[in-house]
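Worksheet for the structure shown next.
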Amino acid sequence: MKTPKKRGDSRFYELSCISCGKSCREEESSTRCPSCGKPLTVHYDWGYIKSRLNRYSLRSSPIKALKYLDFYPILNLDLVVSLDEGGTPLHRCHRLAQEMGLRSLSIKNEGVNPTGVFKDRGTLVEITKAKEQGAKAIAVASTGNMAASVAAYASIAGLPCYVLVPEGTAIGKLSQALSYGARLLQVRGTYNDAARLTEAMSEKYGFYLAGDYAFRVEGQKSAAFEIIEHLDWQAPAVVIVPMGAGTNLAALWKGFQEFYELGFIDRLPRMVGVQPEGCAPIVSAFNQGLDRIIPLEKPETICSAVAAGDPPDGLKALQALRESGGCSLALSDVEILEAQQHLARLESIFVEPAGAIPIAALPHLLKTGRIRPDEVVVCLATGNGLKDPKAALKVLPSPATIEPSLAEVDKFLRLRLYEIRAAGAKDGGKNLFEQVPSVNQLVERVKAELGVKLTLEYARRALQLISEFVNKGKPITKADLQYIVETVLKGLSEHPPILHVEDFQVFTSLHGRPEAKVKILFDGERVGSTASGVGPVDAVINALKAAAQSRGKLFFELIDFQVEINTPGADASVEVTMVLRDSKGNRVVATGTSPDIIVASVNAFVEGYNVLWSRQQT
Ligand SMILES: *Cc1c(COP(=O)(O)O)cnc(C)c1O
Ligand SMILES: [Zn+2]
């Protein structure tokens with residue numbers, strides 16, 4: 001390395017390739033090695049850094065990412081783009097530690113960063129570098145979190161930001177990125193498809209390419225510095241990090257090494273990298289002792305934040321795992337979702353699924369002796385749970401809806417509905433009944449599987465729904481039973497239903513249009529009606545509406561209709577949600593579940609109608 005140079009007018013760092021070792025000027029590239037295409041890394045002139053480091057202020061000033069400016073490759077400090085990132089709490093997990101039999105377990109809660117994710121630390125450096133280099137616009141590919149983070153920093157820097165995400169990106173991340181003003185495209189494909197496209201786009205249009213590159217690593221090191229400060233300038237024994245691109249694990253390792261280099265700590269932690277089973281290319285390479293990553297074409301996991309099938313920094317992460325004497329393992333989505341819930345219940349930290357992978361890994365690591373009970377362990381909780389609220393709901397029961405009456409609250413408490421367990425992802429597909437059970441069998445089974453004691457009245461209503469499933473030839477799985485029980489328990493209301501469907505048929509008219517014939521009981525009176533529609537569901541709903549309207553003067557409109565498939569696969573059940581609104585502005589959200597979409601729609605409609613009716617009578 002050259003002799004120390006003054007910051008601002010010359011370099012005190014150098015970019016070079018991690019594979020061929022060639023150095024490279026940042027004007028030429030700060031993303032990949034121009035000769036071999038492998039990742040770049042930043043080397044510092046430690047003599048220079050040491051000579052100007054103010055150790056007193058480093059030890060005494062408050063913890064946050066901006067206090068480590070000396071450790072970032074920034075030339076012009078006037079251009080720093082910051083949202084006051086870092087300084088996140090290292091939460092000591094007493095309850096979780098006790099349960100697992102660990103002496104010291106802490107969680108670095110990165111979800112409290114400005115955009116809810118650790119990536120803000122890297123974006124601080126990356127967007128500052130973009131300004132230094134005179135970027136006119138930023139382009140970034142992301143599974144969602146980097147999109148939101150880069151969009152936020154680009155926005156405050158006054159730079160347009162183009163973002164490419166895979167289709168189906170978590171709703172919290174999407175809405176953040178759009179709110180920060182990102183020009184966002186959803187790509188039909190994976191994260192890696194989006195990344196390839198973004199690279200080509202930035203090349204063609206001259207946009208600054210942000211992403212998992214060398215400058216981001218420099219910013220993300222600060223989490224390691226902070227952990228050391230929190231632990232009174234000691235390194236933990238083990239640090240457990242979820243891996244997607246592998247960048248963050250590599251960055252933490254680089255941070256620990258730098259503090260070691262400077263003599264701030266006298267030993268280094270072992271790095272443990274964890275991934276979901278549905279996308280674990282780095283874990284596989286590590287465990288098979290490979291020196292390269294075998295890319296995965298189609299990642300399949302609930303942890304969308306780490307669904308990088310061809311991880312850009314996989315090699316750096318592998319190297320960090322090996323150098324640190326650490327290890328690597330993969331966990332199932334079910335284990336991860338359970339760990340997410342567990343963390344929220346025991347420590348009140350709500351993370352997105354990727355952030356819970358380290359917690360899911362703990363029992364395995366302890367059992368196999370890869371961490372010892374007396375070691376100081378730190379887990380990275382990488383992202384806030386609000387980023388992907390739908391993921392957690394997959395393993396949570398949907399809460400009952402009541403009329404605003406104390407009588408219904410009483411029922412809720414008496415039935416202890418808050419204790420209902422979700423079938424969730426675990427054993428959701430387990431078959432419970434092939435035939436309609438007796439009332440007692442049902443009550444026992446519901447108690448055993450879901451933790452709720454049904455009264456006879458509710459059990460009878462549940463049996464009715466169960467027979468609808470069984471008559472369609474569909475066995476009742478645990479997930480079905482959960483939806484059925486939730487549906488009947490939602491009807492806590494005292495009001496007897498006014499509308500009851502006796503029978504319906506759907507056929508295609510001579511004009512090729514779907515038509516439906518329905519028979520209903522309205523307040524005990526039999527009424528029939530026929531109607532057509534754009535599709536069979538529409539036809540049945542129209543016929544039901546016509547039949548009901550011929551008797552009850554209840555005017556309403558259907559303002560929303562959603563279909564969700566509960567258990568993917570051949571014998572899935574369908575959940576239909578409808579929102580009805582009457583002329584007084586009363587709104588009712590109703591759901592129906594069945595293996596048949598038309599039956600589910602009818603059930604939802606009938607529930608909604610009856611609730612709306614009873615609303616109008618009170
Ligand atoms: C990006 C991300 C990760 C993975 O970090 P990499 O640097 O891609 O390995 C983990 N968790 C969350 C919440 C993330 O957003
Ligand atoms: Zn190279």
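Keep in mind that this is a model prediction, so the values were computed, not measured. These numbers come from the heavy atoms of this one structure, side chains and all, not from hydrogens, waters or symmetry mates. Whatever order the structure lists them in is the order used to number ligands and atoms, beginning at 1.
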How wide is the angle at the Zn ion (ligand 2) spanned by Cys20 SG and Cys36 SG, rounded to 10 degrees? 120°

Should you measure from each heavy atom of Gly383, which atoms of ligand 1 turn up under 4.0 Å away? 13 (C)

Considering only protein heavy atoms, which is closest to atom 12 (C) of ligand 1, and at what distance to one decimal place? Thr382 OG1, 3.3 Å

Which of the atoms of ligand 1 are close to Gly244, meaning less than 4.0 Å from one of its heavy atoms? 4 (C), 6 (P), 8 (O), 9 (O)

Does Gly355 have a non-hydrogen atom less than 4.0 Å from ligand 1? no

Inspect the contact between Lys129 and Glu218 and indicate whether a charged nitrogen and a carboxylate oxygen are less than 4.0 angstrom apart. no

Rounded to the nearest 0.5 Å, how far does OH of Tyr13 lie from CG of Leu75? 4.0 Å

Enumerated ligand 1 atoms positioned under 4.0 Å from heavy atoms of Ala354: 11 (N)

Going by the order shown, which atoms of ligand 1 are within less than 4.0 Å of some heavy atom of Met243? 9 (O)

What does the angle at the Zn ion (ligand 2) come to, between atom SG of Cys17 and atom SG of Cys33, rounded to 10°? 110°

Taking both backbone and side-chain atoms of Glu352, is any N or O found less than 3.5 Å from an N or O belonging to ligand 1? no

Kindly compute the distance separating CD (Glu28) from CG (Leu15), expressed to the nearest 0.5 Å. 10.0 Å

Is there a donor-acceptor contact under 3.5 Å linking the side chains of Glu261 and Tyr44? no

Before signing off on this row, confirm whether Gly246 and ligand 1 have an N or O atom pair separated by under 3.5 Å. yes

Side chains of Glu347 and His342: do they bring a donor and an acceptor to under 3.5 Å? no

Nearest 0.5 angstrom please: Arg292 CZ to Ser19 OG, how far? 13.5 Å

Is a side-chain N or O of Thr198 found less than 3.5 angstrom from the main chain of Ala194, in a donor-acceptor match? yes

Using a strict 4.0 Å cut-off to heavy atoms of Val306, name the atoms of ligand 1 that fall inside it. 3 (C), 4 (C), 10 (C)

Do ligand 1 and Asp212 have nitrogen or oxygen atoms that lie under 3.5 Å from each other? no

Scan side-chain atoms only and decide if His91 and Lys108 contain a donor-acceptor pair under the 3.5 Å cut-off. no

protein heavy-atom neighbour closest to atom 5 (O) of ligand 1 works out as Phe118 CZ, 3.4 Å

Using a strict 4.0 Å cut-off to heavy atoms of Ala305, name the atoms of ligand 1 that fall inside it. 1 (C), 2 (C), 12 (C), 13 (C), 14 (C), 15 (O)

Need the ligand 1 atom indices (1-based, order shown) with element for anything under 4.0 Å from a heavy-atom of Lys119. 1 (C), 2 (C), 3 (C), 14 (C), 15 (O)

Taking atom types as modelled, is there a side-chain donor on Ser222 or Arg121 under 3.5 Å from an acceptor on the other? yes

Any luck finding a side-chain donor-acceptor pair between Ser149 and Thr123 under 3.5 Å? yes

Atom pair OG (Ser106) and NE2 (His230), whose distance is rounded to the nearest 0.5 Å: 9.5 Å

Going by the 4.0 angstrom heavy-atom rule, the piece of Asn145 near ligand 1 is side chain

Pick one of side chain, backbone, both or neither for how Asn248 approaches ligand 1, counting any non-hydrogen atom pair under 4.0 Å. both

For ligand 1, does Ala245 get within less than 4.0 Å through its side chain, its backbone, both, or neither, judged by non-hydrogen atoms? both

